[in-house]
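Comments concern the structure below.
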Number of protein chains: 2
Amino acid sequence: MANLLTRKLEAFGPLPDADRLLLDDVIRSARAVGPRTDLIREGDTPSDVNLILEGFACRYKVLPTGRRQIMAYLVPGDFCDLHVFILKTMDHTIATLSACTVVKIPRARILELMERPALARAFWWAALVDEATLREWLVNIGARRSEQRVGHLLCELLLRLQTVGLTNGNQYELPITQGELADTVSLTGVHVNRILQRLRASGLITLKGKNLVILDVERLMALSGFNSNYLHLAEQDGFREQSL
Amino acid sequence: MANLLTRKLEAFGPLPDADRLLLDDVIRSARAVGPRTDLIREGDTPSDVNLILEGFACRYKVLPTGRRQIMAYLVPGDFCDLHVFILKTMDHTIATLSACTVVKIPRARILELMERPALARAFWWAALVDEATLREWLVNIGARRSEQRVGHLLCELLLRLQTVGLTNGNQYELPITQGELADTVSLTGVHVNRILQRLRASGLITLKGKNLVILDVERLMALSGFNSNYLHLAEQDGFREQSL
DNA sequence: CGGCAACTTGACAATGCTCAACGCGGGTGG
DNA sequence: CCACCCGCGTTGAGCATTGTCAAGTTGCCG
């Protein structure tokens with residue numbers, strides 16, 4: 001259970017041993033990237049796919065006003081841009097938030113992996129879950145009040161980090177500033193701060209430095225209107241055995 | 001230039017004549033669906049792919065509070081759910097807004113079409129553009145002020161409807177109530193109404209009944225911070241000739 | 001130990017929401 | 001064919017959530 005990528009992809013379904021070995025090989029050549037560093041910029045035409053192995057990265061756009069909107073968090077095991085194969089230019093920027101370990105996978109390598117049916121399905125699944133997550137974020141920002149917004153985000157991260165083994169009970173590392181959180185949930189830094197105070201005062205969370213503890217997961221999920229169905233984890237069915 | 005689906009997919013790149021004929025065949029068996037009718041519900045496990053031929057449909061979720069968030073508009077030429085092949089259960093609902101003409105395409109039929117390289121690429125492109133649009137909506141709702149939000153939406157629809165030939169100059173049919181618009185841009189119906197007044201008063205649009213005219217496209221785009229790059233139309237490049 | 005970034009807190013402003021009432025228009029049933 | 005009715009659009013008044021500005025504190029890194 002060493003390989004993070006394998007672990008993530010197997011959240012969808014088990015992989016043949018041969019495929020696992022391929023994945024082990026893919027993540028050999030990792031490189032370190034500092035915090036707050038753009039990996040791919042809007043307008044670029046990248047030729048490789050980036051995979052996050054350690055740390056938090058994000059997708060974002062900046063408006064003429066200077067307002068930045070973060071559209072996705074990329075956590076260990078997440079691909080940055082499988083789009084590369086079809087769309088020519090990036091319509092948004094991808095950057096690290098914390099210090100990260102990143103692997104650059106060449107197009108050709110991805111195409112090789114895609115020839116393996118189980119891997120191809122798993123990649124599809126990952127891409128579709130990313131899209132479902134994006135939809136949920138739209139709902140989060142569009143329809144929930146501020147306290148629910150940040151609560152919902154914290155719940156989502158708990159589950160996502162759990163599947164790659166980066167939680168310790170209901171506790172995980174959140175290497176992100178309140179300002180970045182604000183750009184994510186579409187509030188101001190000041191207001192995010194006040195909301196975190198409230199969540200602390202309600203006995204729902206503890207957040208000291210980068211260390212987050214969710215004290216009462218059930219209550220936080222209820223408060224936030226969190227329903228994990230959009231992550232499509234552990235769907236008990238025979239469907240995925242069917243052909244692509 | 002009769003087939004709407006062909007027209008939409010060729011916004012990405014030209015298709016072989018043989019593929020066009022296949023597409024002509026696909027859209028033969030259309031059916032009419034009334035307005036405000038669910039096509040697929042959250043929790044369903046659909047086995048077909050729906051394609052919109054006429055009218056407006058949408059993706060949405062409803063929260064416990066009763067608040068509805070619309071996450072996407074589906075206009076003629078749009079597929080509802082290519083996800084079907086990987087994810088078991090729907091995590092959101094798809095419904096018509098206006099009266100629609102819809103085609104149900106069986107899984108097997110889609111798989112057939114996907115064997116044609118040019119069509120497979122075009123389907124991928126359509127899916128990726130849908131995702132890019134979703135990201136732009138997140139930015140729209142998260143980072144733009146109310147007047148820009150509705151302006152941006154109107155600009156997007158102009159371009160999308162243009163590619164399927166459903167505009168008449170800078171004029172098109174918007175078969176949607178102000179309440180539905182509100183659920184889309186995450187405002188209240190009352191406030192959307194006031195914004196439309198302002199846009200009218202500024203000489204930017206005309207909206208009588210379902211008939212929208214954008215009087216000054218450039219100014220509306222500038223006001224809304226609209227940049228069409230995320231629609232990935234007409235990318236002049238040799239990239240798409242490359243292999244998938 | 002100094003400095004800078006992140007966090008915290010307070011006072012005030014404004015954008016957008018709620019509630020409420022009314023007009024208009026198209027569809028339906030008598 | 002007319003009348004009614006309901007949904008949609010419109011407008012007003014007051015309110016609440018969240019943003020802005022500003023100043024002070026904490027804590028980490030060099």
Side-chain angles (χ1 to χ4, degrees), chain A residues 34-37 56 63 65-70 96-99 140-153 173-201 205-212 223-224, chain B residues 34-37 56 63 65-70 95-99 140-154 173-201 205-212 223-224:
Chain A
R36 264 145 283 194
T37 306
F56 274 41
L63 301 193
T65 59
R67 174 105 179 57
R68 174 175 71 160
Q69 178 67 47
I70 292 177
T96 60
L97 291 165
S98 68
N140 202 33
I141 287 179
R144 284 194 259 262
R145 7 202 88 265
S146 52
E147 214 169 321
Q148 300 183 294
R149 283 193 213 170
V150 347
H152 194 280
L153 180 63
E173 198 190 336
L174 185 69
I176 277 181
T177 69
Q178 292 183 5
E180 289 160 346
L181 251 178
D183 287 348
T184 307
V185 293
S186 197
L187 298 168
T188 56
V190 173
H191 203 238
V192 164
N193 183 285
R194 294 196 229 264
I195 287 164
L196 289 175
Q197 312 284 5
R198 255 189 280 162
L199 292 177
R200 282 191 263 243
I205 66 165
T206 275
L207 179 56
K208 284 192 196 108
K210 303 308 180 199
N211 186 14
L212 177 80
L223 170 85
S224 314
Chain B
R36 263 144 284 191
T37 307
F56 274 40
L63 301 193
T65 59
R67 174 104 179 58
R68 173 175 73 159
Q69 178 66 48
I70 292 177
T96 60
L97 291 165
S98 68
N140 203 32
I141 288 179
R144 285 194 259 263
R145 3 204 91 264
S146 51
E147 213 168 322
Q148 300 183 295
R149 282 192 214 171
V150 347
H152 193 280
L153 181 64
L154 298 180
E173 198 191 337
L174 185 68
I176 278 183
T177 69
Q178 291 183 5
E180 288 160 346
L181 252 177
D183 286 348
T184 307
V185 293
S186 196
L187 298 167
T188 56
V190 171
H191 202 236
V192 164
N193 183 286
R194 293 195 230 265
I195 287 165
L196 289 174
Q197 311 285 6
R198 255 188 279 163
L199 292 177
R200 282 191 264 243
I205 67 166
T206 274
L207 179 56
K208 283 191 197 111
K210 303 309 178 198
N211 186 13
L212 178 80
L223 170 85
S224 314

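Throughout, a chain's letter reflects where its sequence line sits, starting with A, and its residues are numbered from 1.
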To the nearest angstrom, how far is [X] atom [atom1] from [N] atom [atom2]?
| X | N | atom1 | atom2 | value |
| --- | --- | --- | --- | --- |
| B/Lys210 | C/dG25 | NZ | C1' | 12 Å |
| B/Ile195 | C/dA14 | CD1 | C1' | 14 Å |
| A/Leu174 | C/dC7 | CG | P | 10 Å |
| B/Arg144 | C/dG16 | CZ | P | 14 Å |
| A/Leu207 | C/dC7 | CG | P | 8 Å |
| B/Ile141 | D/dT18 | CD1 | P | 16 Å |
| A/Glu180 | C/dA6 | CD | P | 7 Å |
| B/Leu196 | D/dT11 | CG | C1' | 14 Å |

Presence of [X] side-chain N/O under 4.0 Å of [N] phosphate oxygens OP1/OP2:
| X | N | value |
| --- | --- | --- |
| B/Asn193 | D/dG9 | no |
| A/Thr177 | C/dA6 | no |
| B/Gln197 | D/dG9 | no |
| B/Thr188 | C/dG16 | no |
| B/Gln178 | D/dG7 | no |

Exercise. When you match A/Arg145 and A/Gly189 each to their closest nucleotide on DNA chain C, which lands nearer the 5' end?
Worked result: A/Gly189

Exercise. More than 12 non-hydrogen atoms from neighbouring residues, nucleotides or ligands closer than 6.0 Å to CZ on A/Arg200, yes or no?
Worked result: yes

Problem set entry | No-H, no-angle donor-acceptor pair, A/Arg194 side chain to D/dG19 base, under 3.5 Å |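 It does not, because no donor-acceptor pair links the side chain of A/Arg194 to the base of D/dG19 below 3.5 Å.
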
Problem set entry | Nearest-nucleotide 5' precedence on DNA chain D, B/Arg36 against B/Val190 |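 Comparing both residues, the 5'-ward one is B/Arg36.
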
For this session: Determine, step by step, whether A/Asp183 and A/Arg67 satisfy the side chain to side chain contact (heavy atoms under 4.5 Å, CB included) criterion, reporting the C-alpha distance in whole Å, the side-chain angles of both residues, the deciding distance to 0.1 Å, and the verdict.
Result: CA-CA 8 Å; A/Asp183 287 348; A/Arg67 174 105 179 57; 3.8 Å; yes

Problem set entry | Candidate nucleotides C/dG16, D/dG12, D/dT18, ranked by approach to the side chain of B/His191 - the nearest | C/dG16

Problem set entry | CD1 on B/Ile70 to CG on B/Leu97, rounded to 0.5 Å | 5.5 Å

For this session: Indicate the atoms forming the closest heavy-atom contact of A/Ser98 with A/Phe56, along with that distance.
Result: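 Minimum heavy-atom separation between A/Ser98 and A/Phe56: OG-N, 2.9 Å.
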
For this session: Give a yes or no answer on whether the side chain of B/Thr96 reaches the backbone of B/Arg36 with a donor-acceptor pair at less than 3.5 Å.
Result: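 Flag set: sc B/Thr96 to bb B/Arg36 pair under 3.5 Å.
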
